[in-house]
K.L.:
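Structure provided below as structure tokens; questions to follow.
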Protein chains: 2
Amino acid sequence: MESIFQKVDCVNCKLSGVCLPYGLKRDDIPKLETIVKRKRPIKADEYLYRQEDQCTSLFVVKSGSFRSFIWNVNGGEQTIGFYLPGEIMGLDALRQQSKYHCTTIALETASVCEFPMARLNELCGKIPKLQMQLMCVIGSHIVSEQNNIVLLGNRSATEKVVTFLLMISSRYNALGYSSTEFNLTMPRHDIANFLGLTIETVSRQLGCLTKSGAITIKHRGVQINDMDKLKNIVEPCLTKRFTS
Amino acid sequence: MESIFQKVDCVNCKLSGVCLPYGLKRDDIPKLETIVKRKRPIKADEYLYRQEDQCTSLFVVKSGSFRSFIWNVNGGEQTIGFYLPGEIMGLDALRQQSKYHCTTIALETASVCEFPMARLNELCGKIPKLQMQLMCVIGSHIVSEQNNIVLLGNRSATEKVVTFLLMISSRYNALGYSSTEFNLTMPRHDIANFLGLTIETVSRQLGCLTKSGAITIKHRGVQINDMDKLKNIVEPCLTKRFTS
DNA sequence: CGGACCTTTGACCGCGGTCAACCTATGTGG
DNA sequence: CCACATAGGTTGACCGCGGTCAAAGGTCCG
């Protein structure tokens, strides 16, 4: 039986600019590669980890996309985030010896790189640059969670949906993909749940945006026709205060 | 002129059980103490740091309480969290060389311990236990931010207000204070803004809870008379699933 | 081609926002 | 000590956004 782990090659990975090896010296990268596990592909709706699992590893999306959510006490779920290539998952695992605080599943066929926390911590002690990059990645994650809180705060349904589209757009853009034409890999249900809205409201908002000509929607496919119009919806009076 | 920094004594600090020195060997603690700055008290409404400031330090609340918020583009603010003694602030600073992503102000006269990131990172390389504890503290912070997202998701005004009271209650309890009688250090405006509600709605919800006998409110003072009633509001059908 | 699932669209209504008035606590100056 | 001002908090009346319920259209499976 073949190993489920594939050969790891961080140097030639397209995501090396945003992942943990970033900034490392050339001869430090092999040290990191030895602790990375690259699992076999994960199919749509398969669990990456569950809320009750002992948490031991961080994960970085290599391809595909994921969704994580928390079971609330009534059995319902609250989606807390979506993850695209290069993004880190399982940061609750920083508290070693504890359990994951959320469940993460694949939205489509996907693959990840797995970093066991114990060995990563150890390596951070030896490679200061790795420590710095880990902190940087964690900091970015915290900032993006703060942005989610702002998104869910005092915002109308229109603002939420538009902000969501713009967030996805800029994340694809950062990966080198088109910022104006992309596919939503998650069903409406997940978007609605994430935004604190209902499926119907999301659908209606997308309908309105389509009628206004700002976007074109075909099922999961999104095309942004008027980026400025979208930005003006979430930032009605763009002052000079933040033009830096 | 006297130094603005007071003598640091982590060993005798009441918060040592939740702060960064936790788990360290006795002779490692002085090393940490040398990098901590303890600033003069901060008065109500004074800034601890601002959104545009270069970020260089983490802070732990020593006494008093804080609120942090993000300016949105329209000039309004979105409160993203409240901080009680022992809680960590300024984690956006993990991305060194960047700027704080939110602004933090004191809700009342307060004091903090300041940990410069550069020196803390350095020390983490030398003291593995410190690295572990830092990761643990960061992990807890991330988990609590995830909980905030769940709080703001698909919840009614009643659920939000009750959850807020229970969160504050359990945090005071963890500090060794009463979980049933405490003062809210923030005005209604901040609570409402944090929960994505209006002042009037928060006030009405507190009014209803008072009428039902579950709580007694006197201005900022809260007394919880029926903890179970509150818990049942946010967890209507408490199944055996999570009784662990 | 049938069936399951996802998505859209419409009609209705209730929760929570908005506006306004009033109440309460605290502080200041005469 | 009271008169007054100010900020924070409460309460009521009204109404619109978005949730709920229902039904119909689309898409992707086998």
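Just so we're on the same page: letters track the sequence lines, and every chain starts at 1.
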K.L.:
Would you indicate what Leu206(A) reaches in the nucleic acid, counting non-hydrogen atoms under 4.0 angstrom: base, sugar-phosphate, or nothing?
P.N.:
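Nothing: the residue Leu206(A), judged by heavy atoms under 4.0 Å, touches no strand.
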K.L.:
Quickly work out the Ile217(B) CD1 to dT24(C) C1' distance and round it to whole Å.
P.N.:
15 Å
K.L.:
With respect to the phosphate group of dG17(C), does any side-chain polar atom (N or O) of Thr201(B) fall under 4.0 Å of OP1 or OP2?
P.N.:
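Thr201(B) to dG17(C) OP1/OP2: side-chain N or O found under 4.0 Å.
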K.L.:
What residues, two or more places apart in sequence or in another chain, satisfy side chain to side chain contact (heavy atoms under 4.5 Å, CB included) together with Glu77(A)?
P.N.:
Arg67(A), Phe69(A), Trp71(A)
K.L.:
In terms of the nearest nucleotide of DNA chain D, which residue is placed more toward the 5' end: Thr198(A) or His219(A)?
P.N.:
Thr198(A)
K.L.:
For Asp190(A) and dC6(C), what is the distance between atoms CG and C1' respectively, to the nearest whole Å?
P.N.:
12 Å
K.L.:
Output the rounded distance in Å from CD (Glu200(B)) to P (dC15(C)).
P.N.:
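Checked: the CD to P distance equals 18 Å.
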K.L.:
Can you find an N or O donor on one side and an acceptor on the other, under 3.5 Å apart, linking the side chain of Arg188(B) with the base of dT24(C)?
P.N.:
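Side chain to base: no pair present.
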K.L.:
How about Ser68(A) and Tyr83(A): does a side-chain donor come under 3.5 Å of a side-chain acceptor?
P.N.:
yes
K.L.:
Expressed as a whole number of angstroms, how long is the span from Asn154(B):CG to dG19(D):P?
P.N.:
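Going from CG in Asn154(B) over to P in dG19(D) covers 7 Å.
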K.L.:
When Phe66(A) is tested against each of Glu87(A), Met89(A), Met186(A) for side chain to side chain contact (heavy atoms under 4.5 Å, CB included), which residue passes?
P.N.:
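It is Met89(A), the one option of Glu87(A), Met89(A), Met186(A) that forms the side chain to side chain contact (heavy atoms under 4.5 Å, CB included) with Phe66(A).
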K.L.:
Tell me, please, which residues at least two apart from Val18(A) pass side chain to side chain contact (heavy atoms under 4.5 Å, CB included).
P.N.:
Leu15(A)
K.L.:
May I ask you to verify whether the side chain of Arg204(A) and the base of dG10(C) hold a donor-acceptor pair under 3.5 Å?
P.N.:
yes
